[in-house]
Amino acid sequence: MCRGCARPIGRGELRFGEQLPNPYGQGEMTLWFHPACAAFKRPEPLLQVLGETPGKVPEREALERAARSSLAQRRIPRIDGAERSPSGQASCRSCHETITRGSWRIRLVFFEGARFSPGGYVHLACRKAYFEGSEVLEQILHFSPDLRGEERRELERAYVGDA
Ligand SMILES: [Zn+2]
Ligand SMILES: [Zn+2]
């Protein structure tokens, strides 16, 4: 399983392993990612590994570009996709107002102690305040694989519409 998107990493597929001290015991543990998921959610270690790997790496330029786009603002690696709010209970981490049922929200996760933990939500429309004007559509779409077809286009329209 990829730690970034919680989907399987296919057999024989290139994967990125990040070694970290094991917070639950001794020694080190390795977190595995799809390279693109690591680029968005763990940009610094991915860039470091790319820098230490001189040979051919598939999609190297795309990975470096993705990682740099996530490094543009310190909160961007928290992005875990977007969804229409299934209830009206959560509040926005940026404006602190309620996120009404059915409106678009960005899911956030925090990386701490070698794991990602749920970190709440921000209104799609609050992204400019929260991410200080950085473009984050790529990250949002990458971590929203369940949104397909018309829903995906609606999200893109909502993003562009309040740009
Ligand atoms: Zn992944
Ligand atoms: Zn908000």
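As the structure lists them, so they are numbered: ligands from 1, and atoms in each ligand from 1.
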At the Zn ion (ligand 1): angle between Cys5 atom SG and Cys2 atom SG, to 10 degrees: 110°
Identity of the N, O or S atom of His34 lying closest to the Zn ion (ligand 1): ND1
Flag if over 12 foreign heavy atoms under 6.0 Å of CD, Glu61: no
Donor + acceptor pair across side chains of Gln139, Ser70 (<3.5 Å): yes
Modelled atom types, side-chain donor and acceptor of Glu44 and Gln48, under 3.5 Å: no
Cation over ring face, Arg127 and Tyr159, 6.0 Å, 45°: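 Yes; both conditions hold, so Arg127 lies above the ring face of Tyr159.
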Euclidean distance, Leu31 CG relative to Glu18 CD, rounded to 0.5 Å: 6.0 Å
Pro86 versus Arg105, closest heavy-atom pair with distance: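 Closest heavy-atom pair between Pro86 and Arg105: CD-NH2, 3.3 Å.
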Pair Arg153 + Glu150: basic N to acidic O under 4.0 Å: yes
Under 2.8 Å from the Zn ion (ligand 2) - protein N/O/S, by chain and number: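 Within the sphere that stays under 2.8 Å of the Zn ion (ligand 2), the protein atoms of type N, O or S are Cys92 SG, Cys95 SG, His123 ND1, Cys126 SG.
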